Amino acid sequence: MYTDTSPEIDILGEIFGHSDPDRAATPAWQLEKCHEGAAFTAERDPELASLISLLTHTVFTMSASWTGSMSERNAIGATLIIPNERWHANDVAEAFLHEFTHTALFLDERAKGHFQAGADQVLLRSAIRKDERTLPAVVHSLLVATEVLTWRHRHGLQDGLDFRLHGSTQSMLDRARESYDALTSLPTWQEDIVKDRMFQLVELAGKRLAAF
């Protein structure tokens, strides 16, 4: 795990579009938050923590004007997490899970293919960011939301926490179901928009969402 005192940060920052040689030094609490989130995950779900570790070779944090997390299909295995000082350890754990899901999907897409040509011309509402985005981004948000909701339900985290990264469980569930309905209501979405593998993943997500 790196802060911006490491030489690797300049390279990673450029890949993620956040290279700034004049940025302020990363506060120590940001790195500590990342460690706390990783420990929170490992304590509750060692198998998940092991899988995240398997696909994530580098986690880095830096000072920035925003908070959140990022992964990049052209830098598979690297994850940027910029926590808010008020985040609970579970928010950081969800950031790790969020980016792990993207990373797993990037790899799966390389192996099996996910989208038909022209899928990025279709616009729908995102289950995470709530704004209108291209269909591949919205499908990713649907699958990320499903994983985060599963994490909360599996470990009894859906109530009693002030979720600062992804919002409340009910609002996330509502948005995910809305995205699923919008996607699967598109004419010939199975034949002309997604490939078989992504059709299977979306259908599985829909069944999991219906069970919450």
Side-chain angles (χ1 to χ4, degrees), residues 15-18 52 64-76 78-84 87 90-110 113-153 157-158 161-190 192-195 197-212:
I15 293 172
F16 281 77
H18 291 281
I52 292 175
S65 60
W66 59 281
T67 59
S69 60
M70 290 183 67
S71 53
E72 168 58 51
R73 67 175 62 249
N74 295 320
I76 289 177
T79 295
L80 169 62
I81 295 181
I82 301 179
N84 185 293
W87 278 11
N90 182 68
D91 289 305
V92 185
E94 290 188 4
F96 276 109
L97 176 58
H98 183 135
E99 302 310 332
F100 165 75
T101 303
H102 282 309
T103 299
L105 288 171
F106 294 151
L107 289 170
D108 192 78
E109 183 176 9
R110 288 190 180 189
H114 284 175
F115 302 103
Q116 305 283 6
D120 58 355
Q121 301 302 307
V122 181
L123 299 178
L124 294 172
R125 187 166 180 261
S126 168
I128 297 292
R129 288 170 43 173
K130 310 176 190 178
D131 56 351
E132 195 173 69
R133 304 188 70 195
T134 63
L135 185 139
V138 172
V139 172
H140 266 242
S141 78
L142 167 64
L143 298 179
V144 166
T146 302
E147 293 302 326
V148 171
L149 289 164
T150 299
W151 160 261
R152 291 183 185 180
H153 280 264
L157 298 167
Q158 63 266 39
L161 287 177
D162 185 6
F163 298 107
R164 302 183 186 279
L165 175 59
H166 290 121
S168 73
T169 296
Q170 188 59 54
S171 65
M172 176 176 276
L173 179 58
D174 290 343
R175 294 196 307 269
R177 286 174 172 167
E178 179 184 332
S179 291
Y180 174 81
D181 290 343
L183 172 62
T184 57
S185 296
L186 291 172
T188 67
W189 78 279
Q190 179 184 354
D192 299 332
I193 298 176
V194 299
K195 295 186 177 180
R197 172 61 170 174
M198 182 51 73
F199 172 77
Q200 295 166 2
L201 292 175
V202 169
E203 287 300 284
L204 178 60
K207 291 177 182 178
R208 288 164 65 184
L209 292 171
F212 291 143

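Since the model is a prediction, treat every value here as computed from it, not as a measurement.
Here Leu149 contributes atom CG and Gln170 contributes atom CD; the two are 9.5 Å apart, rounded to the nearest 0.5 Å. Rounded to the nearest 0.5 angstrom, Thr103 OG1 and Asp108 CG are separated by 12.5 Å. Between atom OG1 of residue Thr101 and atom NE2 of residue His140 there is a gap of 10.0 Å, rounded to the nearest 0.5 Å. The distance from the CG atom of Leu186 to the CG atom of Leu124 is 5.5 Å, given to the nearest 0.5 Å. Between atom CG of residue Leu165 and atom CD of residue Glu94 there is a gap of 6.5 Å, rounded to the nearest 0.5 Å. Interatomic distance, CG of Leu105 versus CZ of Phe100, reported as 9.5 Å (0.5 Å rounding).
Checked by atom type, the side-chain pair Ser69/Glu99 shows a donor-acceptor distance below 3.5 Å. When only modelled atom types and interatomic distance are considered, Arg133 and Ser141 share no side-chain donor-acceptor pair under 3.5 Å.
Inter-residue side-chain proximity for Glu203 and Gln200 is flagged as unmet; no heavy-atom pair is nearer than 4.5 Å. Between Ile193 and Thr188 the shortest side-chain heavy-atom distance does not fall below 4.5 Å. Side-chain contact check for Arg125 versus Arg175: some heavy-atom pair is nearer than 4.5 Å. With a 4.5 Å cut-off on side-chain heavy atoms, His98 and Ile81 do not count as touching. Side-chain contact between Thr67 and Arg164: absent, with no pair of heavy atoms (C-beta onward) separated by less than 4.5 Å. The closest side-chain heavy-atom distance from Met172 to Ile128 is below 4.5 Å. Side-chain contact between Leu183 and Val138: absent, with no pair of heavy atoms (C-beta onward) separated by less than 4.5 Å. Here the side chains of Leu201 and His114 are in contact, with some heavy-atom distance below 4.5 Å.
The two residues Arg73 and Arg110 have their closest heavy-atom pair at O-NH2, 3.1 Å. In terms of heavy atoms, Ser71 sits closest to His102 at OG-CB, 3.3 Å. Scanning both residues, Leu157 and Phe163, for their nearest heavy atoms gives O-CZ, 2.7 Å. When all heavy atoms of Ala119 and Leu135 are compared, the closest pair comes out as O-CB, 3.3 Å. Shortest non-hydrogen contact noted between Phe106 and Glu72 is CE1-C, 3.7 Å. Of all heavy-atom pairs between Pro83 and Val92, the closest is CB-CG2, 4.5 Å.
Residues Glu147 and Arg208 are paired through a salt bridge, judged by an N-O separation under 4.0 Å between the basic side chain and the carboxylate.
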Derivation and outcome, side chain to side chain contact (heavy atoms under 4.5 Å, CB included), residues Thr134 and Leu123: CA-CA 5 Å; Thr134 63; Leu123 299 178; 4.0 Å; yes
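Aromatic ring orientation, Phe199 versus Trp189: tilted (interplanar angle from 30° to 60°).
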